[in-house]
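Encoded as structure tokens, the structure appears first; notes follow it.
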Amino acid sequence: METIERAIDPSHMKISDEIAIQIRAMNKWYGQFHVLRDINLTVHRGERIVICGPSGSGKSTLIRCINRLEEHQSGQIVVDGTELTSDLKNIDTVRSEVGMVFQHFNLFPHLTILENCTLAPIWVRKVPKEEAEETAMHFLRKVKIPDQAHKYPGQLSGGQQQRVAIARSLCMKPRIMLFDEPTSALDPEMIKEVLDTMISLAEEGMTMLCVTHEMGFAQAVANRVVFMDQGQIVEQNTPREFFNNPQSERTKMFLSQILGH
Amino acid sequence: MANAVEKPKDSFRPSMLLYDTRYRSLTIQIVVFALFVAAAAWLIDNTVRNLSALGKDFDFGFLGVRAGYDIAQHLIPYTQNSTHAQAMLVGLLNTLLIAVMGCALATVIGVIVGVLRLSSNWLVARLMTVYVEMFRNVPVLLWILLFYTVFSEASPTPAAFRGEDGQSMLLGLFAVTNRYTAIPDVAVERGFGTLDLGLFSLNLTFAAIVVVLAASFYVRHRLKARARAVQESTGRRPSTWWKSLLIVVLPIALLLWVLGTHLLVPSLSGFNFTGGINVPNSFMALWLALSFYTGAFIAEIVRAGILAVSRGQSEAAFALGLRPRRTMSLVILPQALRVIVPPLISQFLNLTKNSSLAIAVGYLDLRGTLGGITLNQTGRELECVLLMMLIYLAISLIISGGMNVYNSRIRLKER
């Protein structure tokens with residue numbers, strides 16, 4: 001249980017100097033289409049970064065490059081000291097350090113909630129089943145659904161499924177969590193329960209990158225907001241500066257549209 | 001306070017039979033059932049009257065009469081002097097043989113082609129597409145005839161294998177000729193003999209092989225269960241593949257050695273191959289054509305099944321650190337199977353029923369014996385056709401029953 005002790009260690013509540021993710025001059029194309037242009041981003045351990053921008057701006061593609069669900073064609077991505085190349089070993093190392101939560105949950109429908117949470121620890125981390133189940137129950141209690149452990153994903157509500165998805169990622173004890181629009185597929189009253197779970201995760205010092213349109217979450221939790229448009233990082237700043245004093249015209253327009261009503 | 005509202009009285013009027021939802025469906029069902037019974041009774045009555053007008057009766061006694069014709073491929077002892085019932089049984093076994101072997105080969109072809117069609121290798125994927133489109137867009141009867149023509153017209157005669165400069169046998173074991181494909185036979189020197197049990201005799205050698213195989217597969221099953229238990233308690237799965245290989249291979253190899261088993265390789269003597277088994281080309285053509293034809297459909301079913309599992313599933317598994325092979329076996333296939341199995345049942349049923357096209361190449365299956373020669377010789381059309389339909393129906397129901405049991409075991413549990 002060393003990860004949990006690490007997580008509640010107050011020194012990690014602060015942002016450390018240690019670099020968690022380093023992206024340098026990264027480019028990506030889909031065929032002829034230039035999706036990501038010259039991306040430079042440094043994430044320190046303990047940072048909570050919200051990535052926002054209009055749809056099609058490459059936000060999701062960017063964070064999917066961080067665990068190599070998408071390949072980048074030029075530039076460098078270093079996660080926890082491991083550079084992402086086509087080397088399978090490096091990819092395995094990075095993926096076991098980085099957890100990911102998807103817009104559509106992507107729980108395995110043929111497995112129970114508990115089996116969803118223990119599958120990867122058992123087959124990837126080689127943890128004994130009993131221990132894996134204990135860990136799973138610990139995280140299911142943390143996201144407040146331990147009583148659903150033996151049900152199947154299809155029997156749960158959207159908000160519950162997304163919390164299971166978060167617990168499933170946490171069972172691998174990742175040092176970095178990626179969230180790809182975690183609340184976009186949810187009913188309004190379920191968004192809060194998922195955001196609450198994410199906030200408590202942030203309080204424990206988890207390094208988080210979150211693509212979201214929840215500007216309230218960005219203001220409350222993030223220490224940095226990254227704004228993207230047409231595959232480029234247009235602007236990044238603290239939430240206070242970003243919302244009150246946007247620098248570029250594009251950001252101002254985006255904010256007026258998203259906060260205007 | 002007394003009941004203010006009284007329950008309305010249920011007074012039945014005849015018009016309610018048609019306009020009341022409570023009785024309407026019952027009325028309709030009774031009417032339809034009555035019509036069906038009347039139609040069936042009229043058909044049967046008509047048939048019996050016509051038959052008796054022709055001086056015929058409805059009787060299955062002909063099944064006990066001497067058949068008087070030869071069947072080239074018989075899996076049980078059969079001569080001209082056997083009865084029509086025995087001829088029917090030989091035909092049925094031939095049908096079952098082609099159905100079982102066809103379903104097995106078609107599944108293997110289908111799974112391989114279906115997976116390869118999704119390959120990122122351009123050439124492989126296109127080749128598989130060509131195969132699928134060629135085979136499923138031409139009637140299966142033409143494929144059977146084509147395969148038969150290739151075997152009987154384009155293959156050498158047995159005599160062509162004679163001498164130094166003659167054709168050489170495939171791997172020194174097989175010979176494809178224009179009349180049959182010669183394959184090696186298996187023989188034992190020291191068999192255990194047979195045990196006469198009155199009704200039927202038991203081949204002890206065969207029984208011993210079955211028992212040993214069953215026992216070693218049981219031990220292998222226990223070994224896997226123990227490996228799983230060890231994995232659950234320590235997290236490390238002990239490597240079992242070499243142990244399970246030994247457990248399965250060693251006892252049967254020992255038994256075969258004790259029995260003095262050896263291959264009888266076919267060799268040319270005179271104008272024909274002897275020593276091995278000569279499989280008639282009609283069987284080979286039918287088997288291969290049915291398998292490749294049905295395999296094309298199964299390939300599409302397998303491809304659809306894998307594609308039906310959303311990309312998000314494999315992405316989630318990758319993000320958790322699972323390797324592609326584990327993702328396939330733990331996440332994709334268990335979900336794909338539930339999409340694959342129901343249409344797979346139909347393909348098995350199709351292949352089994354299409355095997356009755358055997359008549360085109362002169363392979364005597366159930367349709368060729370009971371529905372062909374027996375029917376022509378005895379003139380019992382109604383009996384033969386009814387019996388044949390009943391048997392095909394029974395085979396199909398058994399296949400789909402068995403597959404449905406399997407399907408319900410792998411079905412996705414929701415709610």
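All chains are named by letter (A, B, ...) in the order of the sequence lines, taking the proteins before the strands, and each is independently numbered beginning at 1.
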Can you tell me how far CG of B/L322 sits from CE of A/M172, rounded to the nearest 0.5 angstrom?
-> 7.5 Å

Please assess B/V331 against A/L111 for the test side chain to side chain contact (heavy atoms under 4.5 Å, CB included), listing each intermediate value before the final yes or no.
-> CA-CA 9 Å; B/V331 176; A/L111 301 177; 5.8 Å; no

B/Q313 side chain vs A/L107 backbone, donor-acceptor pair below 3.5 Å = yes

Relative to chain B, which segment of A/V101 carries a heavy atom at a distance below 4.5 Å: side chain, backbone, both, or neither?
-> neither

Take A/F108 and B/L320, measure what side chain to side chain contact (heavy atoms under 4.5 Å, CB included) needs, and give me the verdict at the end.
-> CA-CA 12 Å; A/F108 306 131; B/L320 286 167; 4.1 Å; yes

Roughly how far, to the nearest 0.5 Å, is CZ of B/F318 from CG of A/N67?
-> 11.0 Å

Distance, nearest 0.5 Å, that separates CG of A/D92 from CZ of B/R323 | 4.0 Å

Please walk me through it: do B/R338 and A/H110 pass side chain to side chain contact (heavy atoms under 4.5 Å, CB included)?
-> CA-CA 10 Å; B/R338 68 175 214 272; A/H110 61 300; over 6 Å; no

Approximate separation, where rounding is to 0.5 Å, of B/E315 CD and A/E70 CD | 7.0 Å

Does A/E71 CD have over 12 foreign heavy atoms under 6.0 Å away?
-> no

Output the option from A/E130, A/K151, A/R64 having the highest count of non-hydrogen pairs under 4.5 Å with chain B.
-> A/R64

Would you check if the side chain of A/N106 reaches a backbone N or O of B/A316 as a donor-acceptor pair within less than 3.5 Å?
-> no

